[in-house]
Trainee: 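I'd like to ask some things about the structure below.
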Amino acid sequence: LKIIRRQIAAIQCIYEHPQWGLKDVSAHLGVSAQTVKSDVQQISALMEKYHVRIDWLPGNRMRLLGQENMNYMLKAFRTMQEFSLEKQALLLLLLQEDFIVLQDMADILFVSKSLMEKVMGATLKKYEDELESVRHHGIRVVTTQMERRNHFVEIIMPYVHGVDFAKEIHAFHSNHFPLLNYIDEQEVDRAIEAVHIIRSAEQFSFTDESITQLFLQMLYIQYVHRCWHFVPTDTFTESAVEGTAEEQHYLAVAAEVSTCLGVPQEEARYFGYLFLILRKQAMSDVDYYLAAMHDTMAEILDVIRDRMAVD
């Protein structure tokens with residue numbers, strides 16, 4: 001069963017606003033009351049498997065039963081959420097080193113070329129700064145390597161929660177996108193092993209969400225180094241860890257992770273950068289990092305101001 005985003009939004013809205021009636025929920029979501037009711041009824045049998053039920057009362061009121069199971073159910077529902085053709089196309093493009101033509105995209109995603117043209121027409125307008133379309137060549141991603149990595153994580157993150165990475169990646173491959181046609185099983189296993197290395201580091205700790213982000217980053221990094229002719233590095237991330245109090249700790253663990261994954265040691269600086277931004281951070285560290293990043297952020301803001309300046 002595929003669940004659409006609107007269904008998740010509806011039941012989450014009912015959960016977070018128990019005093020609302022059906023009309024309030026429909027107004028919040030921008031759809032009719034009948035649509036909200038129909039959306040919820042379509043997944044009511046699935047909800048009951050998680051011991052959650054919504055009763056419909058007179059006066060367009062609702063009663064939610066099983067509130068204690070809602071968070072677990074919503075987390076599970078997000079892994080079943082429909083994976084749109086736009087997201088499939090974006091993920092496919094992120095896995096390409098260069099141009100890919102529409103016909104090849106349509107063949108890989110098992111849709112017609114006409115549907116692919118329609119979806120990509122809207123997608124190119126939506127991501128005009130990230131995608132490039134060239135006649136007789138196809139479409140490609142034109143962002144930096146770091147932006148590619150972050151976008152890869154952003155697309156897949158709702159479907160992977162870190163309970164069982166191998167099982168979740170297989171489920172994503174079966175239900176949403178043929179990811180394992182690109183990333184192989186050994187890369188999944190090595191990323192899981194690297195997660196164990198990171199979790200065992202005594203110098204810092206991570207939330208489950210951050211660990212999932214790291215895992216997905218490691219999948220993509222292994223893939224591009226195996227399949228692409230050239231993988232550019234970002235000079236900002238290379239220098240981000242330098243001068244921090246934990247620099248040696250970060251880089252030691254990052255070097256071990258790079259070795260585990262079988263990627264060039266140049267990636268250790270990038271992993272160190274990820275550790276810095278994703279780790280659980282004590283509030284006492286905030287002033288230090290604000291001061292350390294002041295000059296860099298000032299330079300970035302100067303560049304933004306210059307680009308936006310009007311003669």
Side-chain angles (χ1 to χ4, degrees), residues 1-91 115 118-119 122-123 125-127 130 150-165 167-169 171-177 179 206-213 215-216 277-278 280:
L1 174 68
K2 294 290 180 67
I3 298 174
I4 62 174
R5 184 180 301 178
R6 192 177 65 213
Q7 290 172 314
I8 295 177
I11 57 176
Q12 186 164 359
C13 194
I14 295 168
Y15 172 51
E16 293 176 351
H17 303 280
Q19 75 281 9
W20 283 9
L22 184 59
K23 290 183 178 179
D24 299 311
V25 175
S26 67
H28 180 76
L29 297 177
V31 296
S32 69
Q34 184 56 45
T35 297
V36 173
K37 190 171 184 179
S38 176
D39 281 347
V40 174
Q41 287 176 333
Q42 285 174 12
I43 57 173
S44 60
L46 181 60
M47 291 170 63
E48 289 188 7
K49 292 182 179 179
Y50 294 88
H51 307 290
V52 175
R53 190 175 84 237
I54 294 175
D55 290 340
W56 305 97
L57 306 176
N60 284 325
R61 292 181 298 113
M62 298 162 291
R63 179 172 58 204
L64 176 64
L65 303 175
Q67 293 186 18
E68 66 279 7
N69 301 316
M70 279 293 294
N71 285 330
Y72 176 72
M73 185 187 75
L74 286 169
K75 191 172 183 179
F77 276 14
R78 289 189 182 98
T79 66
M80 307 176 205
Q81 186 175 322
E82 184 179 35
F83 197 60
S84 68
L85 185 55
E86 177 190 290
K87 287 185 177 179
Q88 293 180 58
L90 288 171
L91 185 53
L115 177 57
K118 181 179 178 180
V119 169
T123 304
K125 290 179 181 178
K126 185 176 179 180
Y127 298 95
E130 291 85 8
N150 290 339
H151 204 175
F152 176 84
V153 172
E154 180 186 340
I155 290 174
I156 301 181
M157 186 83 176
Y159 305 89
V160 180
H161 299 293
V163 177
D164 185 332
F165 282 127
K167 184 177 180 180
E168 289 164 359
I169 289 297
F172 182 80
H173 171 83
S174 300
N175 299 330
H176 302 299
F177 181 90
L179 187 63
F206 298 90
T207 63
D208 291 341
E209 181 177 344
S210 292
I211 286 290
T212 301
Q213 291 183 57
F215 170 76
L216 293 173
I277 64 171
L278 294 176
K280 290 180 181 177

Trainee: Under 30°, 30 to 60°, or over 60°: which ring-plane class applies to Y159 and F83, parallel, tilted or perpendicular?
Mentor: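 Ring orientation, 0 to 90° scale: perpendicular.
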
Trainee: Nearest 0.5 angstrom please: Y50 OH to N69 CG, how far?
Mentor: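 If I round to the nearest 0.5 Å, the distance is 11.0 Å.
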
Trainee: Can you tell me how the ring of H17 sits relative to the ring of W20, calling it parallel under 30°, perpendicular over 60° and tilted otherwise?
Mentor: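 The rings of H17 and W20 lie parallel, inter-plane angle below 30°.
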
Trainee: If every non-hydrogen atom of I11 is compared with every non-hydrogen atom of M70, which pair is closest and at what distance?
Mentor: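 Result for this residue pair: O-CE, 3.7 Å.
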
Trainee: Just verifying a value: how many Å separate E48 CD and I54 CD1, rounded to the nearest 0.5 Å?
Mentor: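 With rounding to 0.5 Å, CD (E48) is 10.5 Å from CD1 (I54).
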
Trainee: Return the CD to CE distance between Q42 and M47, rounded to the nearest 0.5 Å.
Mentor: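 Output value for this atom pair is 12.5 Å.
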
Trainee: Verify, without hydrogens or angle tests, whether Q213 (side chain) and V153 (backbone) share a donor-acceptor contact under 3.5 angstrom.
Mentor: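 Checking the backbone N and O of V153 against the side chain of Q213, no donor-acceptor pair under 3.5 Å is found.
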
Trainee: Whether the side chain of S26 engages the backbone of V36 through a donor-acceptor N/O pair (distance < 3.5 Å, no angle test) should be reported.
Mentor: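 Not a single qualifying donor-acceptor pair exists.
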
Trainee: Once you round to the nearest 0.5 Å, how far does OH of Y127 lie from NE2 of H151?
Mentor: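 Here the interatomic distance stands at 5.0 Å.
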
Trainee: Using atom types as modelled and distance alone, determine if a side-chain donor or acceptor of E86 lies under 3.5 Å from a backbone N or O of V119.
Mentor: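 It does not hold such a pair.
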
Trainee: Do you know which two heavy atoms are closest between I43 and F77, and how far apart they sit?
Mentor: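 In this case the closest contact between I43 and F77 is CD1-CE2, 4.0 Å.
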
Trainee: If I take atom CD1 from residue I155 and atom CD from residue Q88, how far apart are they, to the nearest 0.5 angstrom?
Mentor: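 Here the rounded value is 10.5 Å.
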
Trainee: Does S38 use its side chain to pair, donor to acceptor, with the backbone of T35 at less than 3.5 Å?
Mentor: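 Here the side-chain-to-backbone pair does not exist.
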
Trainee: Is the backbone N or O of I4 less than 3.5 Å from a side-chain atom of Q7, with the two atoms forming a donor-acceptor pair by type?
Mentor: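 Yes.
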
Trainee: Quick one: are M157 and T212 in side-chain contact, heavy atoms under 4.5 Å?
Mentor: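 Of all side-chain heavy-atom pairs linking T212 with M157, at least one is under 4.5 Å.
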
Trainee: Say you draw a straight line from CD of E154 to CG of L216; how long is it, rounded to the nearest 0.5 Å?
Mentor: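 E154 atom CD to L216 atom CG measures 12.0 Å (nearest 0.5 Å).
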
Trainee: Give the ring-plane orientation class for F177 versus F172, where under 30° counts as parallel, over 60° as perpendicular and anything between as tilted.
Mentor: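 Answer is tilted, since the angle falls between 30° and 60°.
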
Trainee: State, to 0.1 Å, how close V52 and G66 come at their nearest heavy-atom pair, and which atoms those are.
Mentor: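 Shortest heavy-atom contact: CG2-O, 3.5 Å.
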
Trainee: State, with a plain yes or no, whether a side-chain heavy atom of V25 is found less than 4.5 Å away from one of M62.
Mentor: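 The answer is yes; the side chains approach within 4.5 Å.
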
Trainee: Any idea which heavy atoms bring R61 and P58 closest together, and the distance?
Mentor: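 Looking at all heavy atoms of both residues, the shortest contact is NE-O, 3.2 Å.
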
Trainee: Donor-acceptor check, side chain of Q12 to backbone of L74, threshold 3.5 angstrom: yes or no?
Mentor: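 The answer is no, because no donor-acceptor pair under 3.5 Å joins these two groups.
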
Trainee: Give a yes or no on whether the backbone of C13 and the side-chain of H28 come within a donor-acceptor separation of less than 3.5 Å.
Mentor: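 It does not hold such a pair.
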
Trainee: Side-chain contact test, heavy atoms from C-beta onward, threshold under 4.5 Å: evaluate it for Y72 versus K75 and give yes or no.
Mentor: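 Heavy-atom side-chain distance check fails, nothing below 4.5 Å.
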
Trainee: Looking at side-chain heavy atoms only, is the closest gap between V31 and D39 below 4.5 Å?
Mentor: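 The answer is no, as the side chains (C-beta and beyond) never meet within the 4.5 Å cut-off.
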
